[in-house]
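Written below as structure tokens is the structure these notes are about.
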2 protein chains.
Amino acid sequence: MKTQLDHSSGNLTLDDIARLAGVSRTTVSRVVNEHPSVRRDVRQRVLDIIEEHHFHPNAAARTLAMQRSWTIGLILPHSVSTFFTDPYYPNLLMGIAKACNLYNYTLALFLVSTKEDEVNVFPRVGRKGFLDGAIVQSGHHGDQGAIGRMVDKKMPLVVVGRPFRSDNVTYVDIDNIKAAKSAVTHLYKTGCRRIATITGPIDSTVGIDRLEGYRQAIKENNGQVNESLIAEGNFTETGGYLAMQKLLPFKPDGVFAASDVMASGAMKAVEDANLHIPEDVSFIGFDDLPSASYGSIQLSTVRQNVTELGLKSVESLIEQIEDESIKPRQIILDTELVIKQSCRPLKELHKSE
Amino acid sequence: MKTQLDHSSGNLTLDDIARLAGVSRTTVSRVVNEHPSVRRDVRQRVLDIIEEHHFHPNAAARTLAMQRSWTIGLILPHSVSTFFTDPYYPNLLMGIAKACNLYNYTLALFLVSTKEDEVNVFPRVGRKGFLDGAIVQSGHHGDQGAIGRMVDKKMPLVVVGRPFRSDNVTYVDIDNIKAAKSAVTHLYKTGCRRIATITGPIDSTVGIDRLEGYRQAIKENNGQVNESLIAEGNFTETGGYLAMQKLLPFKPDGVFAASDVMASGAMKAVEDANLHIPEDVSFIGFDDLPSASYGSIQLSTVRQNVTELGLKSVESLIEQIEDESIKPRQIILDTELVIKQSCRPLKELHKSE
DNA sequence: ACTCTTTTTGGAAGCGCTTCCATTATAACA
DNA sequence: TGTTATAATGGAAGCGCTTCCAAAAAGAGT
């Protein structure tokens with residue numbers, strides 16, 4: 001009777017299939033796992049029965065026996081606001097999800113926004129037998145705890161974004177310093193001489209690095225950094241708007257914003273002040289979001305391929321899962337400066353070139 | 001020796017803890033699961049050892065024994081573009097993730113955008129022992145297959161958004177018809193007499209229902225629906241822009257867009273045509289995205305609490321997981337019309353009231 | 001037909017946990 | 001102190017799979 005019921009509810013076991021096919025449990029397992037040493041006709045008979053009954057091996061049992069779950073965790077620490085405000089996260093998520101599909105891993109998602117979340121979530125992440133490895137989006141001070149604990153557990157780990165303590169951890173990131181530097185240098189080349197920057201939170205590595213790139217570019221081109229031309233933002237549009245308002249009295253003629261979203265807000269502030277883009281103020285953002293064209297002014301930006309970032313992190317994690325001896329390493333992806341209408345054209349530089 | 005190694009790598013088993021504490025495996029299990037019948041001092045001793053060794057029971061073993069994974073799946077069918085373009089998805093995701101944290105469930109995410117994805121993903125979703133239940137975001141024709149198969153498998157299921165075949169399926173949604181109707185009626189009350197609508201894809205239940213609400217409102221107030229004032233969009237900003245361009249020749253004085261993102265695009269089209277909002281054209285969108293204020297004109301909108309949608313769907317799913325006898329039911333959440341600057345003020349209606 | 005290989009097969013152990021059931025220690029009461 | 005009721009404990013089976021190992025079947029070579 002059991003078998004009859006199970007036929008419809010789809011809760012057969014290997015044994016049921018074995019009985020139905022007149023072979024041993026072992027043989028069915030071999031068929032399921034595509035082990036070569038099963039006779040052609042037997043394999044086919046078993047496959048037919050599996051098909052007919054829509055049998056799927058029980059995931060927990062398989063995980064327990066193989067010590068492999070084919071599941072990876074993605075830990076996204078974030079403030080409530082930024083997650084759906086800045087397309088960076090959805091984008092990264094998509095890249096990672098697609099990569100998981102590609103490699104036939106399942107993705108477990110952990111959104112942690114509060115300390116409480118962290119406490120709740122960690123046991124589930126750390127528990128053996130559930131995750132084969134984890135990806136954590138990082139770059140903030142608060143993340144160190146989670147990362148450290150994963151490392152302690154010897155769980156394969158990839159960090160997206162340079163963590164503060166990056167020794168002995170595999171991470172994938174872009175070269176934020178270089179990218180920022182090239183953006184600012186471009187502004188300089190278009191003739192801007194009072195280039196301001198709206199930074200990310202200064203307790204994050206992105207914030208720090210993009211600012212550092214700005215400083216380096218200014219020093220190389222202009223000689224001296226004017227601290228009044230630096231305003232801290234928080235990666236939100238409002239943050240960008242407010243930062244720009246602080247900057248305006250110092251009459252910047254070019255702004256490098258550490259994210260497109262902030263650039264967007266900043267451009268509003270500029271327009272509200274009745275200035276024109278790019279005639280009065282040029283803009284370069286960071287991210288290359290599709291929606292980052294404010295009104296009809298297309299925003300210049302540093303393009304980072306977030307989907308690629310996701311793909312690489314998954315690949316690198318799987319590598320670690322499948323080969324324990326892999327050493328931590330850093331993967332740095334390229335960025336590209338994309339110039340659109342928010343910048344004035346390059347100045348001819350015959351003399352200095 | 002094994003024990004020593006395991007101490008650091010955190011891969012102890014119940015047996016190890018039992019040995020260390022001088023009790024049986026069973027007792028340790030009881031402690032872990034907070035079973036009452038364990039003597040106080042024994043419990044404490046075991047807890048100490050668990051704490052000391054950072055022991056976490058193996059998830060797969062536990063799942064296998066209990067036939068419960070405490071994991072639910074979220075299946076998000078989506079075109080690549082909309083996922084990170086329309087904040088609806090991230091928002092829903094966040095609501096669901098937060099609810100999972102709250103109830104101590106783990107969330108497995110399945111982003112399926114292609115037929116191929118679906119084929120790859122389904123075995124993982126359908127496999128017993130991995131998921132206790134699933135939430136699928138729906139409303140498109142293509143989703144019926146997946147939903148049907150889950151129902152066949154007798155896996156607890158909640159659909160977000162009214163599915164095409166809604167009999168025998170639990171779903172949570174808002175009353176799109178009513179919500180759209182109220183928005184259009186409001187436009188009418190502000191004096192609009194040529195109200196247009198930009199619909200969602202017409203092969204989706206949201207698309208259909210919001211359009212139906214529009215039709216009902218027009219019929220009730222204006223008598224006759226003018227088909228030229230209906231344009232189909234695809235929930236993207238560009239789609240909204242293009243739809244609006246088709247609409248403009250017919251001189252609408254009010255537009256109800258089935259999403260804020262489309263409204264945003266449409267408003268651009270209006271401005272590009274040198275018309276003014278709300279003087280020439282009033283706008284009401286749908287969603288109430290925080291970023292849906294175009295330029296300085298705040299968009300009126302139908303607010304739906306997507307986070308709540310997520311919460312309810314998780315709660316309803318858990319209900320089904322924990323009680324097999326629960327019957328399918330529909331949960332309809334309220335919406336709220338939020339009027340901002342994109343609408344003209346209400347006309348005095350002394351006579352007709 | 002008879003070895004010697006090589007390929008297929010199945011039995012059984014084991015993955016790490018929960019839980020039923022029988023047993024023992026403890027408390028309660030006479 | 002002896003009985004009985006109750007609480008605490010451990011043994012063992014079982015969850016559904018993989019995989020080692022030995023045994024059986026099939027080919028190959030004479």
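We name chains A, B, ... by the order of the sequence lines, and we start the count at 1 in each one.
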Check: Pick from Ile72(B), Ile135(B), Thr71(B), Val314(B): which one makes a side chain to side chain contact (heavy atoms under 4.5 Å, CB included) with Leu107(B)?
Finding: Ile72(B)
Checklist line | Closest listed nucleotide, where the reference is the side chain of Arg30(B) and the choices are dT9(C), dC21(C), dG16(C) | finding: dC21(C)
Notebook entry, point to check: What is the distance, rounded to the nearest whole Å, between atom CG of Asn11(A) and atom P of dG16(D)?
Noted result: 8 Å
Notebook entry, point to check: Arg39(A) side chain N/O closer than 4.0 Å to the phosphate oxygens (OP1, OP2) of dT9(C)?
Noted result: yes
Note to self: Working to the nearest 0.5 angstrom, can you tell me the gap between Ile96(A) CD1 and Leu109(B) CG?
What the structure shows: 10.5 Å
Item checked: Euclidean distance, Leu93(B) CG relative to Gln137(B) CD, rounded to 0.5 Å -> 11.0 Å
Next item on the list: Look at all strands and tell whether Thr27(B) reaches a base, only sugar-phosphate, or nothing, counting heavy atoms closer than 4.0 Å.
Entry: sugar-phosphate
Next item on the list: For the pair Leu102(A) and Leu311(A), evaluate side chain to side chain contact (heavy atoms under 4.5 Å, CB included) and give the outcome as yes or no after the intermediate values.
Entry: CA-CA 9 Å; Leu102(A) 186 63; Leu311(A) 177 66; 4.3 Å; yes
Item checked: Value in whole Å for how far the C1' atom of dC17(D) lies from CD1 of Ile17(A) -> 13 Å
Margin query: Glu319(A): which residues meet the side chain to side chain contact (heavy atoms under 4.5 Å, CB included) condition with it, sequence neighbours left out?
Written below: Ile326(A), Arg329(A)
Check: Rounded to the nearest Å, what distance is computed from the NE2 atom of residue His35(A) to the C1' atom of nucleotide dG10(C)?
Finding: 13 Å
Margin query: Between Thr106(A) and Arg124(B), do the side chains contain a donor N or O and an acceptor N or O under 3.5 Å apart?
Written below: yes
Item checked: Distance, rounded to the nearest Å, where Leu14(A) contributes CG and dG16(D) contributes P -> 10 Å
Next item on the list: Report the nucleotide, chosen from dA8(D), dT18(D), dT18(C), that has the shortest atom-to-atom distance to any side-chain atom of Ser29(A).
Entry: dT18(D)
Margin query: On DNA chain D, compare the nucleotides closest to Val28(A) and Ala65(B); which residue's is nearer the 5' end?
Written below: Ala65(B)
Checklist line | Global bending angle along the helix from dA1(C)-dT30(D) to dA30(C)-dT1(D), which compares the axes of five pairs at either end, to 10 degrees | finding: 30°
Notebook entry, point to check: How far does OH of Tyr103(A) sit from CD of Glu322(A), to the nearest 0.5 angstrom?
Noted result: 10.0 Å
Check: For the pair made of CD in Gln67(B) and P in dG16(C), what is the distance, rounded to whole Å?
Finding: 18 Å
Margin query: For Gln44(B) and Asp48(B), which I'm curious about, is there any donor-acceptor pair between the side chains at under 3.5 Å?
Written below: yes
Next item on the list: Pick base, sugar-phosphate or nothing for Val42(A), based on heavy-atom distances below 4.0 Å to the nucleic acid.
Entry: sugar-phosphate
Check: Choosing from dG11(C), dT19(C), dC15(D), which nucleotide comes nearest the side chain of Leu64(B)?
Finding: dC15(D)
Check: With respect to the side chain of Met66(A), which nucleotide from dT19(D), dA13(D), dC20(C) is positioned closest?
Finding: dT19(D)
Notebook entry, point to check: Rounded to whole angstroms, how far apart are CD on Glu34(A) and P on dT18(D)?
Noted result: 12 Å
Item checked: Nearest to side-chain heavy atoms of Ser37(A), which nucleotide of dC17(C), dT8(C), dG11(D) -> dT8(C)
Next item on the list: Would you indicate which nucleotide in dG10(D), dC17(D), dG10(C) comes nearest to any side-chain atom of Ser24(B)?
Entry: dG10(D)
Note to self: Could you tell me how far apart Asp41(B) (CG) and dA25(C) (P) are, to the nearest whole angstrom?
What the structure shows: 15 Å
Check: Rounded to the nearest Å, what distance is computed from the CZ atom of residue Arg62(A) to the P atom of nucleotide dT19(D)?
Finding: 9 Å
Check: Between dT9(C), dG16(C), dC17(D), which nucleotide has the shortest distance from any of its atoms to the side chain of Phe55(A)?
Finding: dC17(D)
Margin query: Of the listed nucleotides (dT8(C), dC17(D), dC20(D)), which one gets closest to any side-chain atom of Asn58(A)?
Written below: dC17(D)
